[in-house]
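Atoms within each ligand, like the ligands themselves, are counted from 1 in listed order. Count residues from 1 along the sequence.
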Amino acid sequence: MKIILTKNYAELSKKSAEIIISQVKSKKNSILGLATGSTPIGTYKAIIEMHKNRQVSFENIHTVNLDEYRGISRDNSQSYYCYMKKELFNYIDINLKNTYIPNGMNENAQEECENYENIIKNLGGIDLQILGIGHNGHIGFNEPSDKFSTKTYCVKLDDRTIEANARFFDSFEDVPKEAYTMGIDTIMSAKKILLLVSGASKADILYETILGEVNPQVPSTILNNHENVTIIADEDALSKVLKEKPNIIK
Ligand code: PGA
């Protein structure tokens, strides 16, 4: 694991945008795995800025998102489809036909999950997967469990995840209780992974992710088994690591 320490969220966002842009420039038809949540918003803003300055084109890029809530439609403002349009796609020259997000309205979970895996396979696999991390160590919506998940599946969301996401909804009850998510094997088969972590509230889980045993109760620990992972985290998120194991950050 390569760890990049940044002073704050702004620097984290700029650095991660640079890494994504450099991927897009080095392979113009890259397959990008994208994430939602609050952490990547600054990264997407920085990408939009660089695109405006004509530093990069997304014309031949395909994207696949990690997950989508089950039971809400694409035009629901809380859908990750709307999020991606609002935070990124509306402002860059990507062809919306080349952007993929699980269809939360497909009631046939098996069919939806197989479709999504086939899309990723037919694209030739993910070149660079962006990840955030939940306070419980979830990546995508892979929640703590007795075993690591494999392929895209329909997951019952953890109460902590529902609570964390309730800030985007009117109430806890309004948060969908299920989602379609790439599985751990799907994420781990990306050629490169970029994990973004910001804020003191993530200090414990980031410490456990980097220094804990690989364990499905903390899904993010699996990243230790991937050979090309970069973590970009700010000082607050790395505060526990910096206090207890400063030497692992070069
Ligand atoms: P956040 O979510 O970026 O909003 O903290 C991350 C996640 O739950 O994966």
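A donor-acceptor contact shorter than 3.5 Å links the side chain of Asn76 to the backbone of Gln78.
A cation-pi contact, defined as under 6.0 Å to the ring centre and within 45° of the axis, is absent between Lys151 and Tyr180.
When Thr6, Thr39, Thr43 are each tested for a side chain to side chain donor-acceptor pair (under 3.5 Å) with Ser16, only one passes: Thr43.
Looking only at side-chain heavy atoms (C-beta outward), His62 and Thr99 stay at 4.5 Å or farther from each other. The shortest side-chain heavy-atom distance between Glu143 and Pro219 does not fall under the 4.5 Å cut-off.
Contacts of ligand 1 (protein heavy-atom distance under 4.0 Å) are Gly37, Ser38, Thr39, Gly132, Ile133, Gly134, His138, Arg167, Lys202.
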For Phe169 and Tyr69, what are the C-alpha separation, side-chain angles and deciding distance, and is it a ring pair (Phe, Tyr, Trp, His ring centres under 6.0 Å)? CA-CA 13 Å; Phe169 291 82; Tyr69 290 118; 5.7 Å; yes
